[in-house]
Amino acid sequence: MGSIGTGYDLSASTYSPDGRIFQVEYALKAVENSGTCIGIKTIDGVVLAHEKLVQSKLLVPQSNNRIQTIDMHIGFVAAGLLADSRHLAKRAREEAENYRSTYRKPIPSTMIAKRISGYVSAFTLYSSVRPFGLSTIVASVDVHGPALYMIEPSGLYYGYNATAVGKGSQLAKTELEKLDFKTLTAAEAVKHAARIIHMVHDESKDKDFELELTWISPQSNGKHAVVPKDIKDEAERLAKAALDDEMDED
Amino acid sequence: MPQLKPGEMNLGTTIMACQFADGVVVCADSRTTMGSYIANRVTDKLTQVHDRIFCCRSGSAADTQAVADIVHYHLQLYGVQEETAPTVQTAATLFQKLVYDNKNGLMAGIIIGGWDPVDGPSVYSIPLGGSLHKRPFAIGGSGSTYIYGYCDANYHEGMSREEAIQFCKNSVSLAMSRDGSSGGTIRLAIITKDNVERIFVPGNELPTFWEG
């Protein structure tokens, strides 16, 4: 348990004596309780994966997806409060469309990340609003190639070769560090993403989950799209087999 | 149809831009009129809006200066935020948005010429209504009406730098000799990947043709 704010944590416009804004730090807690999200940038595209925890058997499979499309060339997934995620994706779509309208070309990766981060950070300045309870992964391909950014609730953002947020992010990041980004292709990354999601999923704590898998790759013609069923099924089959192998090694 | 207001300065004008292999030549006369009074006989109608992007202004002097200033501001901000030089297409898009959205209040005919690493040399023409036309060469202003035939007959693709410069000089000179709102001197700017070179042709060095 982190330190308690006691009086300095009631609003985002208050600093603590040691220079922290507790509301923003608490927002990160919302992220930590959410299903794992992974992004992997490859030499020919980007892959996004999400461990969608299924709370009820009544939910329709493949509905309520968290991975969203912002523009044809941009994918978006956020760990944390789902309602905040829908709101932020809506704003990101407006920014992307506004850029197209002004400059008559698709928004570059650097600019969409910057605009999303600017919007998120605005909510950390005032006591009348609360910060977004989201860590957002933005995947896109523009004229300069594939790009992957992650934006935290504070608005801070960095570019990554691969990143993970949510419940199993620590374990996922350890696995992602083993990948060779100089040679990795989107087709290979799909398998790794599926394997890592299955690996970090905690069977004892959360029973049911669905794997969401999307990419921007040569096979999807540079557009953000759901990974085709046959490729996804094969990736999941290999992921489960890898887990079984690990268990057998005991 | 927008009209010049009483006392407003008119860039009567002949303006022109022409693509060649390595760059673009932009060219203009130097006369600004207020009715029949020549308010400025050495005007510079070639305005730089970014390192390698120029615009040629015709119509109302005030309107075109205001629009060019706004585009210059946006392009500077764009360059700094995106950490890359804007393309000529981006500049043309910004000009078009301003001219079209304000078509009732503006009288501005603009030609944009420049070089960028994405498309190389490009020329765009934005006439009064705010439509956008990408062309290998473009002419504009009141004097341009007199030289359509000459330009169509003498333009060819694959011109060298010297040929493009001579083509522009000749065309603008012919227009100046027939159009009362154009005259004075000729100003050119040659935009290439490496630099921008400005050339000034004084009145006594203009190319001459049959004068009768």
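Per chain, numbering begins at 1; letters A, B, ... match sequence-line order.
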message = For a quick test of reading the model, state the closest non-hydrogen atom pair linking A:Arg104 to B:Gln89 and the distance between them.
response = O-NE2, 4.1 Å
request  = Might you confirm whether atom CD of A:Gln170 has over 12 heavy atoms from other residues, nucleotides or ligands at distances under 6.0 Å?
outcome  = no
task = Check the surroundings of atom NZ in A:Lys114: do more than 12 heavy atoms from other residues, nucleotides or ligands lie under 6.0 Å from it?
result = yes
key: Which atom of A:Thr102 lies closest to which atom of B:Thr93, heavy atoms considered   = O-CG2, 3.3 Å
Chain A contacts, top residue of B:Glu82, B:Gln96, B:Lys97 (heavy-atom pairs, under 4.5 Å) = B:Glu82
ask   = Any chance OH of B:Tyr100 has more than 12 other-residue heavy atoms, nucleotides or ligands included, within less than 6.0 Å?
value = no
message = Would you compute the distance between atom NE2 of A:His144 and atom OG1 of B:Thr84 and round it to the nearest 0.5 angstrom?
response = 5.5 Å
remark   = Applying a strict 4.5 Å limit to non-hydrogen atoms, the region of B:Leu98 in contact with chain A is neither
message = Surrounding OH of B:Tyr73 (heavy atoms of other residues, nucleotides or ligands, distance under 6.0 Å), is the total greater than 12?
response = no
Heavy atoms from other residues, nucleotides or ligands near CZ of B:Arg41 exceed 12 (cutoff 6.0 Å) = no
